[in-house]
Novice: 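The structure's right below; bear with me while I get my questions together.
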Amino acid sequence: MLVAAAFCPCPPLLVPEVAAGAAPELDALRAACVDAVGVLAAARPDRLVVLGPADEAGQGPHPQGALGSFRGFGVDLDVPLGAAETVPGRGLPPSLAVGAWLLSRTDWDDAPVEALGVAQPLPRERCAATGREIAAAAPRVALLVMGDGSACRTVKAPGYFDERAEPFDATVAHALGAADLALLTALDEEQATALQASGRACWQVAAGAAEGADLRGRLLCEEAPYGVGYFVATWS
């Protein structure tokens with residue numbers, strides 16, 4: 001059963017070493033993410049699952065100890081998933097590497113950790129089914145859900161400006177803050193793809209996991225500093 005969830009953005013810039021001189025711009029976002037992970041610890045889960053969007057190479061399960069690396073971003077920094085020795089095998093995709101970094105920042109050792117790289121085009125029905133399977137796998141399950149909103153908020157955004165971006169992000173912020181499962185499940189897949197909203201499938205997996213759990217939501221932070229929607233929220 002799902003007992004808590006934390007929703008955080010996943011830009012590598014969240015890691016100060018990657019952001020370098022721009023790091024202070026995201027200080028409030030980082031602080032909110034740390035607070036969100038604290039809610040997961042307070043829920044005393046038996047199992048923590050980190051969800052994050054991934055390309056084909058990073059999709060599927062990743063065990064505790066899988067390595068997240070930021071060397072591809074010019075930084076000599078590797079972070080294992082959870083409080084464990086690094087295990088051999090494929091590395092974490094960037095979204096899950098940021099999740100592993102967040103857990104390391106909070107010294108997570110409250111429960112065993114595993115991760116799941118989620119295909120961004122995953123249909124909502126598959127998302128919901130995946131979420132239900134995750135929630136049923138242990139008596140007390142917590143989720144750390146990584147994912148960004150639209151990348152089209154300004155003309156300098158990665159996806160350029162799209163007038164649909166701000167209303168889309170407003171809907172997501174409301175749904176996450178209110179733990180509105182129906183609203184999250186109803187997010188349009190094609191529109192999310194067009195707006196480059198990487199978190200859509202992961203949010204819908206979380207909605208499936210939360211069915212019947214009666215969790216209450218809280219929006220901790222909402223920003224779009226680079227024309228990309230970033231949200232931090234908790235369900236507990």
Novice: Mind checking whether Val145 and Phe168 sit in one hydrophobic cluster, side chains of I, L, V, M, F, W, Y counted as touching below 4.5 Å?
Specialist: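 Yes; tracing contacts between hydrophobic side chains, which count when under 4.5 Å, links both residues.
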Novice: Using the six-membered ring wherever Trp is involved, compare the ring planes of Phe231 and Trp203 and label them parallel, tilted or perpendicular (cut-offs 30° and 60°).
Specialist: perpendicular
Novice: Taking side chain as C-beta onward, heavy atoms only, is Gln120 less than 4.5 Å from Arg200?
Specialist: no
Novice: Does Asp78 offer a backbone N or O that forms a donor-acceptor pair with the side chain of Arg71 under 3.5 Å?
Specialist: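 It does not hold such a pair.
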Novice: Taking the side chain as C-beta and beyond, is there a heavy-atom pair between Glu114 and Pro63 under 4.5 Å?
Specialist: no
Novice: With side chains defined as the heavy atoms from C-beta onward, is the minimum distance between Pro11 and Val98 less than 4.5 Å?
Specialist: no
Novice: Taking Arg47 for the side chain and Ala138 for the main chain, is one N or O donor matched with an acceptor at less than 3.5 Å?
Specialist: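 Absent.
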Novice: Which Ile, Leu, Val, Met, Phe, Trp or Tyr residues join Leu67 in one cluster when any pair of side-chain heavy atoms under 4.5 Å counts as a link?
Specialist: none
Novice: Do the side chains of Pro16 and Arg30 get nearer than 4.5 Å, heavy atoms only?
Specialist: yes
Novice: Using a 4.5 Å cut-off between side-chain heavy atoms of Ile, Leu, Val, Met, Phe, Trp and Tyr, which other residues end up in the same hydrophobic cluster as Phe161?
Specialist: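 When side chains under 4.5 Å apart are linked, the cluster holding Phe161 also contains Val155, Tyr160.
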Novice: For Cys10, is there any backbone N or O sitting under 3.5 Å from a side-chain donor or acceptor partner on Asp148?
Specialist: yes
Novice: Can you tell if the side chain of Phe73 reaches within under 4.5 Å of the side chain of Leu13, non-hydrogen atoms only?
Specialist: no
Novice: Could you tell me whether the side chain of Gln204 and the main chain of Ala128 form a donor-acceptor pair under 3.5 Å?
Specialist: no
Novice: Identify whether the distance between the nearest side-chain nitrogen and carboxylate oxygen of Asp110 and Arg44 falls below 4.0 Å.
Specialist: no
Novice: So, do Leu143 and Ile134 sit near enough that their side-chain heavy atoms are less than 4.5 Å apart?
Specialist: yes
Novice: Which pairs count as side-chain hydrogen bond (donor to acceptor under 3.5 Å, both in side chains) when at least one residue sits in residues 221-236, sequence neighbours excluded?
Specialist: Glu25-Tyr226
